Undergrad: 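Let me give you the structure first, and then I'll get to my questions.
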Amino acid sequence: MAQIAAILREEAARLGPGARLPSSREIMRRHNVSPVTVSRAIGQLAAEGRVVTKPGSGAFVTQQHQITTGQDTADLSWQTVTLGDRVVDDGPVAALLASAPEGMVPLTGGYLHPGLRPDKQLGAAAARAVRRPDAWAKPPLTGLPELRRWFAAQTGGDVTAADALIVSGGQAALTHAFRALAAPGTPVLVETPTYPGALAAAKAAGLRATAVPMDSDGVRPELLAEAFAVTGARVFFCQPTLHNPTGATLPVARREQVLQVARAAGAFVIEDDYARYLTEHAPPSLASMDQHGTVVNVGSLTKILSPSMRVAAVIARGPAAHRLRASQLVESFFVARPLQETALEFVGSPAWRRHLTAVHAEIRTRHDALAAALAARLPEAEIHLLPVGGMHLWVRLPVDVDENALVEAARRNGVLVSPGRMYYPSEPPGPRLRLTHIAATHLAELHEGVRRLAEALTQARHPLIP
């Protein structure tokens, strides 16, 4: 074994970092040795940090670090072998959460511009909250009863406080729901396109996302039924109100169909009701129409208030509710009481209604301004639909446009946009962009962002040839 290991060391040094060693079969043939000898030799080189093995692909030469400070730099390549292929791609979510650099116009993002946030009123609510006698005491594990009651009333129907669990934001709620409702390795149905954070959370839970097509009214019930039958899935994730990214809202009749399909399949529906406060015309939630414990509803205050208002509620009944509560308990015990008290203070004050009115008016103004700017500057970009509320417009680009090239050209030109590819769990049907109106400072900046994007489209279609 030592002789084969020495030969492989020399070969690794000759090949250089990143190169693939000969296959085990080839090494056996060349040197007339057994599979065990080859395996042990490669294992020795892996232990030395000279190679890293990838199951099904072979052994690859690692980067050998030089001595720089009198000590060898730690070689952490062994971790690649130990960790295996359990990789979660956080790139799309990180891109959506990233702050725009100075001078960049943000036509992407998922939170209110700072000028639209009720920071002063939230500060006043927080000051009142921390003066409460038990503000720093341990809260009930499922959340403050008054806050749970408020979320239950917002959900509607016969939902009660007992059905609500307070969690640390909508993303945490989705993570808990995927882990609690489906076993690792099983399929989960999602709309296509869909929210990238949901795709990441599903993958982190070990689930396989299967796409269900939509139209301008949202998910198509007949295709949802077919997907349940073909995959055997027992969970469907959806955003029935102001779907991200398309802006579609399921009509009430189709909501009933979706519930019937899920009920027939013996499946759960995870209703991400993230945008309920981003419109004046939200239809009844799926949870309010559900009589059988089919729907697990997620409602959050983050989008309408502040990125740091990480307060949400999960509405569920029966054994599913117990599993969700267990997931919350073992992961983080409970949501910090001062944050819950602050949320309760704010939504119980006149500032809440005033804030909703102001944001709804701003959304209408910005929505119209973005649509008008696109029609004037980018007529080639076809708007999927004009939603009544929300933060985004979903646009289809001409088929000859390279989506990645356009996004990069836009960045160089000083405007940030969300590429459509990240919203698809399977192959995208063509180039798309999600354009956000709520993150820009004002209407002038919004118009400037569209102007820069139009220039970027010209550059992407007609790149300069050096």
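Keep in mind that this is a model prediction, so the values were computed, not measured.
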Undergrad: Going through the checks in order, is the salt bridge (charged side-chain N to carboxylate O under 4.0 Å, His left out) test met by Asp158 and Arg317?
TA: CA-CA 12 Å; Asp158 61 355; Arg317 299 171 179 175; 2.6 Å; yes
Undergrad: Kindly say whether Leu116 contributes a backbone atom to a donor-acceptor pair with the side chain of Glu362 at under 3.5 angstrom?
TA: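 It does not hold such a pair.
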Undergrad: Drop me the distance from Arg354's CZ to Ser349's OG, to the nearest 0.5 angstrom.
TA: 7.0 Å
Undergrad: Look at atom CD of Glu427 and say whether more than 12 heavy atoms of other residues, nucleotides or ligands are closer to it than 6.0 Å.
TA: no
Undergrad: Can you name the nearest heavy-atom pair linking Ala164 to Arg148, along with the distance?
TA: O-NE, 3.0 Å
Undergrad: Pick out which of Arg451, Arg452, Gln459 makes a side chain to side chain donor-acceptor pair (under 3.5 Å) with Glu455.
TA: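 It is Arg451; the other options fail the test.
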Undergrad: Taking C-beta and beyond as the side chain, do Ser300 and Tyr274 meet within less than 4.5 Å on heavy atoms?
TA: no
Undergrad: Are the side chain of His437 and the backbone of Gly390 linked by a donor-acceptor contact shorter than 3.5 Å?
TA: yes
Undergrad: Any side chain to side chain donor-acceptor pair (under 3.5 Å) involving residues 367-381? Give me the pairs, sequence neighbours left out, ordered by first then second residue.
TA: none
Undergrad: Can you find a pair of side-chain heavy atoms, one from Pro118 and one from Trp352, that are under 4.5 Å apart?
TA: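 When only atoms from C-beta onward are counted, Trp352 and Pro118 do not touch, as no gap falls below 4.5 Å.
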Undergrad: Side-chain donor-acceptor pair under 3.5 Å between Ser308 and Ser306, yes or no?
TA: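 No, because no side-chain N or O of Ser308 sits under 3.5 Å from a partner of the opposite role on Ser306.
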Undergrad: What distance separates Tyr423 OH from Arg434 CZ, expressed to the nearest 0.5 Å?
TA: 3.0 Å
Undergrad: Sub-3.5 Å donor-acceptor pair from the side chain of Arg421 to the main-chain atoms of Pro431, do we have one?
TA: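 Judged by distance alone, no pair lies under 3.5 Å.
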Undergrad: With sequence neighbours excluded, tell me which residues meet ring pair (Phe, Tyr, Trp, His ring centres under 6.0 Å) with Tyr424.
TA: none
Undergrad: Quick one: does Thr155's side chain have a donor or acceptor within less than 3.5 Å of a partner on Phe151's backbone?
TA: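 Present.
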Undergrad: Assess the residue pair Arg179 and Glu331 against the criterion (salt bridge (charged side-chain N to carboxylate O under 4.0 Å, His left out)); give the C-alpha distance rounded to whole Å, side-chain angles, the decisive distance to 0.1 Å, and a yes or no.
TA: CA-CA 12 Å; Arg179 289 177 178 171; Glu331 180 170 293; 2.9 Å; yes
Undergrad: Using the side-chain hydrogen bond (donor to acceptor under 3.5 Å, both in side chains) rule, take Thr246 and His243 through it: C-alpha gap first, then chi angles, then the decisive distance, then the call.
TA: CA-CA 6 Å; Thr246 68; His243 170 263; 2.8 Å; yes
Undergrad: Report the distance from atom CH2 of Trp150 to atom CD1 of Ile166, rounding to the nearest 0.5 Å.
TA: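 The CD1 atom of Ile166 is 9.5 Å from CH2 of Trp150, to the nearest 0.5 Å.
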Undergrad: Under 3.5 Å, side chain of Gln239 to main-chain N/O of Asn244, donor-acceptor pair present?
TA: yes
Undergrad: Can you tell me how far CG of Leu344 sits from CG of Leu147, rounded to the nearest 0.5 angstrom?
TA: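 With rounding to 0.5 Å, CG (Leu147) is 5.5 Å from CG (Leu344).
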Undergrad: Does Glu403 reach the main-chain N or O of Arg432 with its side chain, forming a donor-acceptor pair under 3.5 Å?
TA: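 Present.
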Undergrad: With under 30° as parallel and over 60° as perpendicular, where do the rings of Phe178 and Phe237 fit, or are they tilted in between?
TA: tilted
Undergrad: Name the residue from Glu271, His281, Arg255 that meets the side chain to side chain donor-acceptor pair (under 3.5 Å) definition with Thr241.
TA: Arg255
Undergrad: Do side-chain atoms of Thr210 reach the backbone of Pro187 as a donor and acceptor pair under 3.5 angstrom?
TA: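 Between the backbone of Pro187 and the side chain of Thr210 there is no qualifying donor-acceptor contact (under 3.5 Å).
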Undergrad: Any side-chain heavy atom of Leu385 within less than 4.5 Å of one from Leu393?
TA: no
Undergrad: What are the two closest non-hydrogen atoms of Ala248 and Asp217, and how far apart are they?
TA: CB-C, 4.3 Å
Undergrad: Quick check for you: to the nearest 0.5 Å, what is the distance between Asn413 atom CG and Leu453 atom CG?
TA: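 Answer for the CG-CG pair, Asn413 versus Leu453, is 9.0 Å.
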Undergrad: Is it true that a side-chain atom of Ser327 and a backbone atom of Ala180 form a donor plus acceptor pair closer than 3.5 Å?
TA: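 Not confirmed, Ser327 side chain does not pair with Ala180 backbone.
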Undergrad: Is it the case that over 12 heavy atoms from other parts of the model lie below 6.0 angstrom from the NE2 atom of His322?
TA: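 12 or below, so no.
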Undergrad: Is any side-chain heavy atom of Phe346 closer than 4.5 Å to a side-chain heavy atom of Leu122?
TA: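 They are in contact (side-chain heavy atoms under 4.5 Å apart), so the answer is yes.
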Undergrad: Checking side chain to side chain contact (heavy atoms under 4.5 Å, CB included) against Leu189, which of Ile270, Val235, Leu224 comes through?
TA: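 The single option meeting the side chain to side chain contact (heavy atoms under 4.5 Å, CB included) with Leu189 is Leu224.
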Undergrad: Please tell me if the side chains of Arg234 and Phe268 come closer than 4.5 Å, counting only heavy atoms from C-beta onward.
TA: no
Undergrad: First locate atom OG1 of Thr231, then atom CZ of Arg208, and finally report the distance between them rounded to the nearest 0.5 Å.
TA: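 With rounding to 0.5 Å, OG1 (Thr231) is 8.5 Å from CZ (Arg208).
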Undergrad: Determine whether more than 12 heavy atoms belonging to other residues, nucleotides or ligands lie under 6.0 Å from atom CZ of Arg461.
TA: yes
Undergrad: Any donor-acceptor pair under 3.5 Å linking the side chain of Asp273 with the backbone of Gly299?
TA: no
Undergrad: Is it true that atom CD of Glu146 has more than 12 heavy atoms of other residues, nucleotides or ligands lying nearer than 6.0 Å?
TA: yes
Undergrad: Using modelled atom types and a 3.5 Å cut-off, is there a donor and acceptor pairing between side-chain atoms of Lys303 and backbone atoms of Gly110?
TA: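 Confirmed, Lys303 side chain pairs with Gly110 backbone.
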Undergrad: Within a strict 4.5 Å, meaning less than it, do heavy atoms of the Val261 and Phe228 side chains meet?
TA: yes
